[in-house]
Structure formats: C-alpha cells, structure tokens
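Sequence lines set the chain letters: A, B, ... in the order given, protein chains first and strands last, and positions in each chain run from 1.
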Amino acid sequence: MHDLNEVLRQGHKFDEELARRHHAGLPSTFLSRTGERKAALAQLQAHQAERNQLAAAIGTAKRQGIDTATFEAQGIALRQTVDQLTERVGAIDAELHEILASLPNSLDHEVPPGLNEASNVEKSHSGQIKNFAFPPREHFELGEALGLMDFTTAGKIAGARFTVLRGDLARLERALGQFMIDLHTSKHGYTEIAPPLLVNDATLFGTAQLPKFAEDLFKTTDGRWLIPTAEVPLTNLVSGEIIDVAKLPLRFTALTPSFRSEAGSAGRDTRGMLRQHQFWKVELVSITTPDASADEHERMTICAETVLKELDLPYRRMLLCAGDTGFAAAKTYDLEVWLPGQGTYREISSCSNCHAFQARRMNARYRPAQTGAKPEKPAFVHTLNGSGVAVGRALIAVLENYQNQDSVGFRNQSGH
RNA sequence: GGAUGGGUGGCCGAGCGGUUUAAGGCAGCGGUCUUGAAAACCGCCGUACGUGAAAGCGUACCGUGAGUUCGAAUCUCACCCCAUCCGCCA
C-alpha cells in the first residue's frame, strides 16, 4: 500500500512508476477527490471544535443552574452538520483507501523492463548439469515406477493436484524439510516459528493477498483462510508493533504446508506434483530498517541458494523483470532448479524485498535510534520474504537429478 | 458450546455522563546538585491527520463496530480477544 501524501507529492512520477508495471495509473478523479476530502475534513474538524466548546459550556452552565435549552438546540443542529460531514469524509476515505490498496508496489530501480518471464535476467548459476547416458525421466515416472508416488489414490480421496507419498519417498520429503529448517536456524540465524496455518482477513490484507487475490486462496466455513505461504503469518508477527531498532533485523523461518487454489492455472503442470493445492515449504522472513533491506535481500537469497548447493542441485538465479514481479514486491530473485526430466529450469524459490509496502498495510514500524532531545518518530520497517526452499519441488529435483538407469540413489550429510 | 469476570498510553493502574487537557506510579529523555555516579528535586515524555516557517493550535483514537445524548473512556447493542470454571475434544 502506498502513502497518500507520498503519492500526491510524486504527482506524475507516480503514474510513470505504475507504467513500468504496465499499470494504467491512478484514476483521473483521484486528485480532485483528495481535494474534496481535504476541504471536508477541515470543515468537519472546525465543527467538531465548535461542538466540543458548546458541550463544555453547557456543562459549566448546568453546574451554575443556568437554563441551557437554547444551547442544546444549537447542539442538535451542530450534530446534524457533523454527522453529514463525517459521512462525506468517511465515504471519500473508503474510496481512496480502496484505490490505494489495489495498486501494486513501486519497483526497485534495478528491476529490468519486460512483460513476462521471458525478460527475466539470469544473474548467476551454480552446479553441474549431469549428462545422462539414458533419457532422464520425469519425477512422476520415477515415483510411480518405485510405487511410492500415487496420484490415483490421491485423486480418489482428495481430487486433482494432490499426491500420496509412501514409504521412503514420504520420509525423504520430511527429511528435506527438516534439513532446510535446521540449516536456517543453526547456520543462518533465523528463529524457528510454528505459526497458525489458518489466518483472518486482516492478516492476509497485511501481506497483500487480500483484497485482490482472494480467488487464489481456500476459505474456511468460519471465515478464516488457509495460508498460501508461511510468509503470511511470519510477516504479520510484527503487525501493529513499534519495534526497538536494536532488535532489528528480525529473522523468522517456518516449515509449514501451503495451500493454493491454483484458480488461474487450469491445465498447467497437471502431471506430477509440481503444482499442488497443498505443499510443504520452508519460508524465510526478515524485518529490517530501510537502509539495511537491500543487503538483507542479497543475504536471504544466499541462504536459499545454500540449500540447493548443499543438495548439489544445479540452479540459476534470475532477477525478475517488471512484468513478472509480484504485486507486493519491489524486487524479486527467483531461484530455478534444473529438472533433467523436463530438460528445463523450474522455480524452486522466490526471494522478495517488499520495502515498506506490506509494513504500511500492517502498520509495522520501528523506533529509530534517538539522536536529538526528543525520541525519533516511528518509521515503517522493510519486510522481505523468501522460500528456503519449496520442499515438494526439492523432492522432485532430487529424484530427477539423482536418478540412475533403473533406480534413484541419493545421500547427503543428514544420512538420507 | 455454557457461566462468570475482564480489555485504559512502552508497562502497571485510577476513572463508570460535563473542571479528564485520561489521576498516580514505573521505565525513558533533559536539567539542578555532584570530582563522577546514585539518591533527591524540577521539567519533558502516545499515535495519526489538519494547519503553521516554527513554537503552537485544532481534530480523532481508552479492544472493534454501530447506537443513545447538547456532551461518551464512562450508558445500550453486536462482535473480537484474554482469564477462570463447566462441557466436548487430539
């Protein structure tokens, strides 16, 4: 969410910013409506001041036993005016808030132009792509051949886009998740969190899944929502807070399931467990000051990359272009892992710096270090999130990259 | 799900229709005193918006939202959350 005063201050520059995202820009009435609001608010406050004075005068008069009937008649008239103005200001506020809440974040100046993923820029790559002496198979072929990955039974008990894993494959998925979260807590300084997997409207508004992306989510019968990523509860841990600057950065991680309706992706990746309604993911979230967030973004991406390096999986780091960068993000790196079965790179992690965009929606602030006589004003934190990494996709990558002619052989330090 | 009691500034806590501009305390900041510190004393000490060069002035906010009233932290209703007990439950 953008700050109204900042939007007004930037004027045309703000529309140019939105244009980088191929967004139409602010509605033509926006400026005039803010003007109306300002005028109505000034009037409202003047009348409220009058009302407060009148009420105080009536109180004094009553104590002195003076008749207050004419004062009270004035008060009734005043109340009608105040009510009308309150309604008018409230209506304009709601309108402006709705517009502001629907605008995507401004992009970092480093984000390259482009409409879609074709314009993303490779920043680095790592690991050796194996030459197989046989045509490498896709993960679902391997999994089904092993008898440990079962889409038929999953379809029977849940439907499409679910998987039943059995035996060693169920265990391997669990081991991968545990390995990742242990790495981030013991080596990378993240605090493990076990968050709620169901959250309320305000929480999803805070990280900007609501109001625009409700169709991507599952809603419960009591009005809550299943989290589409642990980014949602982890980032909202600091919603409404004013954090002492000495406590920053805060680094949180969690191993949780993620639930996505995949409403817009009918027909895409329908085979296998690449795109599921439910998948495990290790999430990384950092809360920092504005001056530290760019470095934190690099650090976080390296933390995610370390997972792939430890698993010895080939991957590349992509800087997303303007058209591919998500609604809340100012700048995003995707990590794409090599899948020999598909013969292509696929996203396995996405690390974003959201600047103050989510912080403003959540009202999450920090108190800067005091320099003068008075305490500094609270300022919005910067929030960052990244997958470290998607466990289901890591399982796929391990299967495909470690396959042999007639089996799968994989072993890492954790002994699996 | 039922019953009862609660939600007030960074924290504790008073206030239950009009001198509340939210008492008092703790913590924090500035100062006096001191070689320095502590103690004591004095002052400052929430957030947002509007206005102003600034000091300041104004408005809103006492869990959230509606309502009653000339006037609401205070009264009414609904909801949310917390505590305790009962019921149910992994």
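Taking atom CG of A:D93 as the reference point, atom P of B:G50 lies 11 Å away to the nearest angstrom. A:I76 has its CD1 atom 9 Å from the P atom of B:U69, to the nearest Å.
Outside the 6.0 Å centre-distance limit, the rings of A:H277 and A:F259 are not counted as a close aromatic pair. Taking the six-membered ring wherever Trp is involved, the centroid distance between the rings of A:Y345 and A:Y315 does not fall below 6.0 Å.
Note on A:N52: every side-chain N or O is 4.0 Å or more away from OP1 and OP2 of B:G58.
Within the shown strands, B:G25 is the pairing partner of B:C11 under the Watson-Crick or G-U definition, both distances less than 3.5 Å.
Only the P atoms considered, B:C33 is 23 Å distant from B:C26, to the nearest whole Å. The same atom, C1', is picked in B:G9 and in B:C57; the two are 22 Å apart, to the nearest Å. The gap from the C1' atom of B:G17 to that of B:A72 amounts to 7 Å, rounded to the nearest Å. For the P atoms, the distance from B:G46 to B:G10 is 9 Å, rounded to whole Å. Here, B:U51 and B:G43 have their C1' atoms 28 Å apart, quoted to the whole Å.
Using a cutoff of 4.0 Å between basic side-chain nitrogens and carboxylate oxygens, A:E305 and A:R317 are scored as salt-bridged.
Taking only distance into account, the side chain of A:Q45 never meets the base of B:G50 through a donor-acceptor pair shorter than 3.5 Å.
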